[in-house]
Amino acid sequence: MNFKRINDVTLQVCTGLYLAVSLVLTFTVSDYYIFNRIGEFNFIFVLCHWLKKCGLLLLPLAVWYKKKCCADIAKYFLPVFVIVGCCTFGSFFDITMMTPDASPAQKVFASINEFMPKEANMALFFIAAALELICCASLFIRDGWKVSAKSFIYLPFAIVAVMPLNIFENFFDINSIPQDSFLRFRNFTLWHFLALAILVGFTVGCYYILKRFDRKKQQDYLVAGAIVLLIQYHCKDSMLLGDGYNVYNTVFGAIPLFICNMGVYVASLSVILKKRVLYAISFFVHAVGALTVFIYFGKDEMSNYGIFCSYSILYFCLTHCLLFGLCVLPSALGHYKFRIKDCIIPIIYYCFVIIFATVTSGLVSTFLTTYSYDGYTIVIGDYGTADMSPPNYAFTQVNPLPLPFDYIPFVIGNCTFYLSYLIALYAVYVGLFWAFTGAYYAFLAVRRRIFGGQSQKIKEIPIPLTISETAATDSDGSDAENALKNEENNEEKVH
């Protein structure tokens, strides 16, 4: 094995390990706690801790997608902040929620959440730093010292992409803002309609920007979006352990059994792996999941998004916009065409989600209501009147619908569920899945009627590649795509 090959293998292995260690570190309070308390910590360290997170985006694109602009930025930008951060950490590793003035419930949360010893946190922190430096050194060996000045045009976008969204909380105290304030986020307020408008604008804007590029560049941007989504999604883990996210305060809130949480992985993997079954689940199930929560956020008494610029709402809007975009843009751009028969696996998938989420919700609730610390056991109930809300994975534990469905009870642990409600929940969502699919086909029909014949459609709506061409050029070589090739060649090429 020659030196170049050894360096390439080292680069890929170290990048994978760096991402894995960074993921584990998101399950520490300190990882995100400092960003909305800059005045309490070393400003230089806080800045370095933010900027070195750019490696989570730049290194995968530089290593596995051979993006030279990302490699140029990474090898000259990241080492400075990694090294300075290792020298200025101060009291970073001493952060704990187990303080003398913490309430009994907060001490219970801390005893559950702070499962990683300080020594392990420190070891992983410096291991991640060493791996990031090794990756940068390997990029120098692979690509040399020369860089293109144009590469650094993308640096501001990388910095914004990994921005800690709780940084704006340095400018206000959420506890000082009354619950009935205009600034509070609630259903059907100005902020709600603004969030919905942002979703529409983001999706349409991305479509019109991406359709100007060829298929290869479209795919690169979709993958970059998927990586950003995964980074921001996992940053929430640390927020849960420290300040909490919405109504969730324990590490169990990070279990990806909410529909949109699962959608983060499915939609991201669909554009990374380019698998038809993942595209189908994303389009049929998770696009609707992301859309419906923008239309109705659930009962106001079940939520605590804070004000329009607090972490919870910024995180929600960013991740759900990215999620919805990753679910629908591959179809809109012609990378994938949903077919009626593609709904079979997603419908079965969602059934298993409901079952697994119900069982997990019951078991987690049982553990939380029987676990105690320092003689105190937390109380689970309605938000604002109890210590915490139920886990409510995939809405299986708390009914967000205006009608009661309390028939055919059954018990998991010490929690009672109602089969009638779970069936109704499943039926409602499947109905929404079909309604979205129907709206999609109606849109295609209207567009076909407006633009007339096939030649005019191709001329007026240029799409880089049709699904048949996609099937012929995709590297995964899936049987499903090849089987569709001949049939798709006979269909209209606008999609």
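As the structure is a computational prediction, the values presented were derived from the model and not from experiment. Heavy-atom basis, side chains included; hydrogens, waters and symmetry copies ignored.
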*Check the pair Val162, Val228 against side chain to side chain contact (heavy atoms under 4.5 Å, CB included), reporting the backbone distance first and the verdict last.*
CA-CA 7 Å; Val162 300; Val228 172; over 6 Å; no
*Test side chain to side chain contact (heavy atoms under 4.5 Å, CB included) on Leu278 and Phe283 and set out the steps.*
CA-CA 9 Å; Leu278 296 177; Phe283 182 84; over 6 Å; no
*Should His335 and Tyr279 be marked as a ring-ring contact (aromatic ring centres under 6.0 Å, His included) after you check the CA-CA gap, both sets of side-chain angles, and the distance that decides it?*
CA-CA 9 Å; His335 296 196; Tyr279 279 133; 7.6 Å; no
*Given Phe81 and Trp50, is the ring-ring contact (aromatic ring centres under 6.0 Å, His included) satisfied, shown in steps?*
CA-CA 9 Å; Phe81 297 101; Trp50 171 5; over 10 Å; no
*asked:* Set out, in order, the CA-CA distance, both residues' side-chain angles and the distance that settles ring-ring contact (aromatic ring centres under 6.0 Å, His included) for Phe316 and Phe294, then state yes or no.
replied: CA-CA 9 Å; Phe316 174 87; Phe294 268 97; 5.2 Å; yes
*Let me see the working for Tyr65 and Ile272 under side chain to side chain contact (heavy atoms under 4.5 Å, CB included), right down to the final yes or no.*
CA-CA 10 Å; Tyr65 291 90; Ile272 293 172; 3.5 Å; yes
_Step-by-step side chain to side chain contact (heavy atoms under 4.5 Å, CB included) determination, Val9 to Val13_ = CA-CA 6 Å; Val9 172; Val13 170; 4.1 Å; yes
*Check against salt bridge (Lys or Arg N to Asp or Glu O under 4.0 Å), Asp220 and Lys67*: CA-CA 9 Å; Asp220 289 342; Lys67 306 305 294 182; 2.8 Å; yes
*Any chance you could lay out the ring-ring contact (aromatic ring centres under 6.0 Å, His included) test for Tyr440 and Phe443, step after step, and finish with the verdict?*
CA-CA 5 Å; Tyr440 161 74; Phe443 167 76; 7.7 Å; no
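Looking at every heavy atom in both residues, Leu57 comes nearest to Ala224 through CD1-O, 4.0 Å. Taking all atoms of both residues into account, the shortest heavy-atom contact from Leu314 to Phe308 is CD2-O, 3.9 Å. When all heavy atoms of Leu329 and Cys206 are compared, the closest pair comes out as CD1-CB, 3.8 Å. Scanning all heavy atoms of the two residues, the minimum distance from Leu240 to Asn113 falls at O-ND2, 4.1 Å. When all heavy atoms of Phe252 and Ile112 are compared, the closest pair comes out as CE1-CG2, 3.9 Å. Here the shortest heavy-atom pairing between Val293 and Cys260 reads CG2-SG, 4.3 Å.
A salt bridge is defined here as a Lys NZ or Arg NE, NH1 or NH2 lying under 4.0 Å from an Asp or Glu carboxylate O, and Arg276 with Asp342 meets this definition. The residues Asp8 and Arg142 are annotated as not salt-bridged, no charged nitrogen and carboxylate oxygen being separated by less than 4.0 angstrom. Between Asp31 and Lys53, at least one side-chain nitrogen of the basic residue sits less than 4.0 Å from a carboxylate oxygen of the acidic one, meeting the salt-bridge criterion.
For Lys337 (side chain) and Gly334 (main-chain N/O), no donor-acceptor pair under 3.5 Å exists by modelled atom type.
Contact check for Leu257 versus Val353: no side-chain heavy atoms found under the 4.5 Å cut-off. Inter-residue side-chain proximity for Cys343 and Thr437 is flagged as unmet; no heavy-atom pair is nearer than 4.5 Å. Residues Glu114 and Leu241 fail the side-chain proximity criterion, which asks for heavy atoms closer than 4.5 Å. With a 4.5 Å cut-off on side-chain heavy atoms, Ser310 and Phe168 do not count as touching. In this structure the side chain of Val271 reaches within 4.5 angstrom of the side chain of Pro330, judged on heavy atoms. Between Phe258 and Phe395 the shortest side-chain heavy-atom distance does not fall below 4.5 Å. A 4.5 Å side-chain heavy-atom check between Ile227 and Leu56 finds every atom pair outside the cut-off. When side chains are defined from C-beta on, Phe338 counts as touching Tyr441, because their heavy atoms get closer than 4.5 Å.
In this structure, CZ on Phe356 lies 10.0 Å from CE on Met262, to the nearest 0.5 angstrom. The line from SG of Cys135 to CG of Leu59 is 5.0 Å long, rounded to the nearest 0.5 Å. With values rounded to the nearest 0.5 angstrom, Ser270 atom OG is found 14.5 Å from Tyr265 atom OH. Residue Asn121 holds its CG atom at 4.5 Å from OG1 of Thr28, rounded to the nearest 0.5 Å. Taking CZ of Phe126 as the reference point, atom CG of Leu133 lies at 12.0 Å (rounded to 0.5 Å). Here the CD-CG distance, from Gln12 to Asn7, works out to 10.0 Å after rounding to the nearest 0.5 Å.
Classification of the Tyr311-Tyr315 ring pair by plane angle, with boundaries at 30° and 60°, yields parallel.
Judged by the 6.0 Å and 45° rule, Lys75 forms a cation-pi pair with Phe140. For Lys211 and Phe213, the positive end is not near the middle of the six-membered ring at less than 6.0 Å and at most 45° from its axis.
The stretch residues 348-367 participates, sequence neighbours left out, in these side-chain hydrogen bond (donor to acceptor under 3.5 Å, both in side chains) pairs: His286-Tyr349, Ser361-Gln397, Ser365-Gln397, Thr366-Asn414.
Counting non-hydrogen atoms of other residues, nucleotides and ligands closer than 6.0 Å to CD1 of Ile345 gives a total of 12 or fewer. Heavy atoms of other residues, nucleotides or ligands lying less than 6.0 angstrom from CZ of Phe436 number more than 12.
In this structure, the ring of Phe405 has its center no less than 6.0 angstrom from the ring center of Tyr418.
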Hey, can you pull the donor-acceptor pairs under 3.5 Å for the side chains in residues 147-160, sequence neighbours left out?
unit_1	atom_1	unit_2	atom_2	d
Ser148	OG	Lys150	N	3.3
Ser151	OG	Asp72	OD2	2.8
Ser151	OG	Ser148	O	3.3

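When only modelled atom types and interatomic distance are considered, Tyr248 and Asn392 share no side-chain donor-acceptor pair under 3.5 Å.
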